[in-house]
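As structure tokens, the structure follows; a few thoughts come after it.
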Amino acid sequence: MSDQSKKHISGFSKLSKMGKLRWVVENFFREPEAVLHELRSYWHEDEKQQEVLDSLSENTLSNFPLPFGVAPNFLINGRSYAVPMVIEESSVVAAASAAAKYWLTRGGFHSTVLSTRKEGQIHFLWAGDFQKWVKLFPRLKSFLLEKTAPLTASMRARGGGVLDMRLLDFSEEERHYRQLSVQFETCDSMGANFINTVLEEMAQALSAFAKREPELRTGDFQVVMAILSNYTPECLVRSEVFCSIDELGPVKNGDSPQVLAEKFCTAVRMARIDPYRAVTHNKGIFNGIDAVVLATGNDFRAVEACGHAYAARDGHYRSLSSCVIENNTFRFSLEIPLALGTVGGLTKLHPLARRSLEMLGYPSATELMEIVAAVGLAQNFAAVRSLVTTGIQYGHMRMHLTNILLQLGATERQKEAAFAYFSDKVVSYAAVRTFLEDQSQ
Ligand code: MEV
């Protein structure tokens, strides 16, 4: 048996947490005891809290800490917020905070939820004339609503539930492929579990209907899958900032406010044209969005996947934000689909997600959409403003230097000397190491 084959195991999930940890450190690390000790050191000291964290996933060995920060001074729709952010990239929280403070004295952020509709799909195969389904559709709809009524009762009581259904025919692209597309309102929950549960019940009812109806029995019916769509272009929010051009100043590099406004809008238009620039531009938006989505216990993968698909909705990947100068007014806006929840799921289970929601004043899902969109816009504003004035490295340098000094174990005196020395020089890991070595000679 080769060494590599020894590293496979069956029944791993049945081992105790300590058993798993031991197996991993003994097989994949050079200093098992030290690593075991290190990974254990991240276990929560309160056993109950640790149990909660372990219950969120499987095969957990330890916790993986990320900074939990805050960007204060956000004025959104006339209300003040301190926004919790979980992110590992330096400068993001500082940039969001700076942009929030900047817009605080210029009217703040204006966010509006445009729609809150989500979609689920039952993908099925059926050979035959699609018109037969179309003809029976009103009856089918009532049948499916009736069969799922017990599951949707409490959501309906909250003002949500199934909004509509559509039958789609994709059989020209894939043999016999038909689809039932179902629209949902999930109120303050993100709704993934609700939608999937209803869809699975509907899929069974759909099968029963296909077997029961003589006109449909002629073709073989098969449900392939039933699942929500994470593409939610009708769960949309818009956030905007605006001010007169003069109010944009003073500008850090000495440019006039007019030059800043024009360069800024040009930079945004460039990100609408070139996908290579658009991806980086939108990544800057998601720096802010993901951080709040994560802090509030929401699904950042769903938000990312959807946001990027939306950015390419006309077949060309573009910036999610837009900028115009109208009648001497600078207007910068972001329109983005955000499927978020403030009840259920991780929002309830994760102790810090709960605290994040408390920090935001227990927002509804639509209010959270407005907050998150504003943070995305703030983040984008800060990045593009830096890019068209001082360059991005100017702001990053101090943080970058702090991180390198931390990694190299510099003393307080060495840190002070390094900040003075690198104030007008390019910071790199090698340059800082050489500087510290020279210092200690
Ligand atoms: C870095 O994380 C994000 C930026 O690259 C975004 C941008 O280029 O717009 C600064």
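Remember, it's a predicted structure, so these values are computed and weren't measured experimentally. Every number for a ligand or one of its atoms is a count from 1 in the order of the listing.
- The shortest distance between side-chain heavy atoms of Val259 and Val251 does not fall below 4.5 Å.
- Residue Glu89 has at least one nitrogen or oxygen atom sitting less than 3.5 Å from a nitrogen or oxygen atom of ligand 1, judged on distance alone.
- The ring pair (Phe, Tyr, Trp, His ring centres under 6.0 Å) test with Phe381 is passed by exactly one of Phe109, Phe242, Trp103: Trp103.
- Ring pair Phe422/Phe435 is perpendicular by interplanar angle, where above 60° counts as perpendicular and below 30° as parallel.
- Residue Thr280 approaches ligand 1 through these ligand atoms, each under 4.0 Å from one of its heavy atoms: 5 (O), 6 (C), 7 (C), 8 (O), 9 (O).
- Under 4.0 angstrom from ligand 1, the non-hydrogen atoms of Ile392 all belong to its side chain.
- Residue-level proximity to ligand 1 for Arg385 is absent, since no heavy atom of it falls below 4.0 angstrom.
- The shortest N/O to N/O separation between His281 and ligand 1 does not fall below 3.5 Å.
- Listed by number with element, the atoms of ligand 1 under 4.0 Å from a non-hydrogen atom of Arg277 are 7 (C), 8 (O), 9 (O).
- Under 3.5 Å, the side chains of His400 and Ser90 contain no donor-acceptor pair of N or O atoms.
- Residue-level proximity to ligand 1 for Asn287 is carried by the side chain, the only part with a heavy atom below 4.0 angstrom.
- For the 3.5 Å distance criterion, the side chains of Ser244 and Asp246 fail to qualify, holding no donor opposite an acceptor.
- Side-chain contact of Tyr177 with Glu172: a donor-acceptor pair under 3.5 Å is absent, judged by distance alone.
- Within ligand 1, the atoms closer than 4.0 Å to a non-hydrogen atom of Lys283 are 1 (C), 2 (O), numbered from 1 in the order shown.
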TODO: Report the C-alpha separation of Phe300 and Phe286 in whole Å, then their side-chain angles, then the decisive distance to 0.1 Å, and conclude whether the ring pair (Phe, Tyr, Trp, His ring centres under 6.0 Å) test is met.
DONE: CA-CA 9 Å; Phe300 61 92; Phe286 280 105; over 10 Å; no
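- The side chain of Leu387, and not its backbone, has at least one atom closer than 4.0 Å to an atom of ligand 1 (non-hydrogen atoms only; side chain from C-beta on).
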